[in-house]
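Every chain is numbered from 1, with letters handed out A, B, ... down the list of sequences. Scope of the values below: all heavy atoms of this structure, side chains included, with no hydrogens, waters or symmetry mates.
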Number of protein chains: 2
Amino acid sequence: MTVMDTTRTRTDTCGAPPQPHRLPDGQDRYTISEVVAVTGLSAHTLRWYERIGLMPHVDRSHTGQRRYSNRDLDWLDLVGKLRLTGMPVADMVRYAELVREGDHTFGARFDLLESTRRDVLHRIAELRDTLAVLDRKISFYADADRTRGGATAEED
Amino acid sequence: MTVMDTTRTRTDTCGAPPQPHRLPDGQDRYTISEVVAVTGLSAHTLRWYERIGLMPHVDRSHTGQRRYSNRDLDWLDLVGKLRLTGMPVADMVRYAELVREGDHTFGARFDLLESTRRDVLHRIAELRDTLAVLDRKISFYADADRTRGGATAEED
DNA sequence: CGCTTGCCTGGAGTGCACTCGAAGGCCATA
DNA sequence: TATGGCCTTCGAGTGCACTCCAGGCAAGCG
């Protein structure tokens with residue numbers, strides 16, 4: 001990505017989460033290919049997100065090309081996180097709509113986030129459970145390896 | 001489920017994990033609808049699992065109907081847990097194949113489980129990360145609710 | 001004996017989240 | 001001037017994990 005290399009500046013905001021690839025606010029006008037590079041999403045997907053209403057309105061250059069801002073990147077970050085909680089895209093679109101509708105939807109957004117949070121907690125618990133099962137099986141196979149031909153009970 | 005009620009016996013193995021719905025070994029010949037009831041999977045899905053090779057060979061009644069054993073239930077339990085780690089069905093089929101191939105695949109099974117374990121750990125970390133973001137946003141909205149019209153920074 | 005219920009099979013269909021391709025066009029830099 | 005990166009619309013294709021359907025057999029009941 002030649003574009004990336006030429007536009008890069010040393011400004012690493014040493015703030016809370018060490019966000020790399022970020023230009024200071026005011027110069028944050030990333031092309032789609034830059035966003036592809038930082039998010040790992042495809043250009044197709046980015047345009048598709050916009051079509052389905054999953055993005056706040058993305059700015060355009062005078063020639064009509066997309067120019068993403070730091071806020072857009074933050075939003076994509078959130079979307080990415082929500083996506084790997086298993087939240088369906090439709091629900092994220094719903095949240096995006098609430099944001100577009102303005103401040104009077106704060107309550108609804110709060111509720112949505114709260115229920116997502118409960119969901120995530122639940123999933124973490126499930127995964128821990130699975131981990132326990134996995135550990136049991138793993139130690140079974142580790143034992144089986146040492147006690148070659150011993151009286152190993154049935155296990156899969 | 002009339003079937004379930006009539007076949008139920010009081011034998012609750014007070015062993016380690018208090019598995020309900022289990023008949024003592026020897027009489028464990030569950031119909032597909034019983035398995036549907038305990039696993040939450042559909043009969044369609046159960047048959048599909050078999051077709052794609054995700055089940056060890058399930059026994060049949062003299063009329064050709066499936067009769068699931070406690071071992072089958074255990075297997076389905078494992079499958080369920082693996083499924084919610086996000087493991088693709090194809091990988092589970094691979095594991096099932098290893099089991100069918102016999103004891104000489106212990107090493108491969110161990111490796112597969114280990115890598116799944118790493119995966120689960122990774123996903124838990126991701127979810128925790130997401131949880132942190134969620135918590136930040138939630139407390140933002142909670143604050144916004146109290147400091148009505150205050151100098152709230154931009155947030156989505 | 002016929003009806004209902006439960007189960008069987010193979011194959012087709014569904015929903016989600018992308019993913020890709022084609023066609024045609026604008027703009028800027030080498 | 002040519003090349004490369006981006007734009008649009010639009011529709012079709014992909015992969016996954018089911019999900020459903022049509023057609024048919026076997027057992028139990030009134």
Q. What one-letter contact string describes nucleotides 16-29 of chain C from 5' to 3', where B marks a base within less than 4.0 Å of any protein heavy atom, S marks contact via sugar-phosphate atoms alone, and - marks no contact?
A. -SB-BB-----SS-
Q) Do B/Asp72 and B/Tyr30 have a side chain donor and acceptor closer than 3.5 Å? A) no
Whole-Å gap separating [atom2] ([N]) and [atom1] ([X]):
| X | N | atom1 | atom2 | answer |
| --- | --- | --- | --- | --- |
| A/Arg66 | D/dG5 | CZ | C1' | 13 Å |
| B/Asp91 | D/dG15 | CG | P | 16 Å |
| A/Glu50 | D/dC6 | CD | C1' | 13 Å |
| B/Ile52 | D/dG15 | CD1 | P | 16 Å |

Q: Using a 4.0 Å heavy-atom cut-off across all strands, classify A/Arg60 as base, sugar-phosphate, or nothing.
A: sugar-phosphate
Hey, is the side chain of [X] poking within less than 4.0 Å of OP1 or OP2 on [N], counting only N and O atoms?
| X | N | value |
| --- | --- | --- |
| B/Arg47 | C/dG6 | no |
| A/Ser61 | D/dC6 | no |
| B/Thr31 | C/dG6 | no |

Q. In terms of ring plane angle, is the pair B/Tyr95 and B/Trp75 parallel, tilted or perpendicular, where the classes change at 30° and 60°?
A. parallel
Q) What pairs meet the side-chain hydrogen bond (donor to acceptor under 3.5 Å, both in side chains) rule with one or both residues in residues 78-87 of chain B, with sequence neighbours excluded? A) A/Asp129-B/Lys81
Q.
For the backbone of B/Leu112 and the side chain of B/Thr116, can you confirm whether one donor and one acceptor N or O come within less than 3.5 Å of each other?
A. yes
**Q.** Chi angles and distances behind the salt bridge (Lys or Arg N to Asp or Glu O under 4.0 Å) call for B/Glu50, B/Arg47
**A.** CA-CA 5 Å; B/Glu50 219 172 310; B/Arg47 295 194 199 102; over 6 Å; no
Q) Of all residues at least two apart in sequence or in a different chain, which pass the salt bridge (charged side-chain N to carboxylate O under 4.0 Å, His left out) check with A/Arg123? A) none
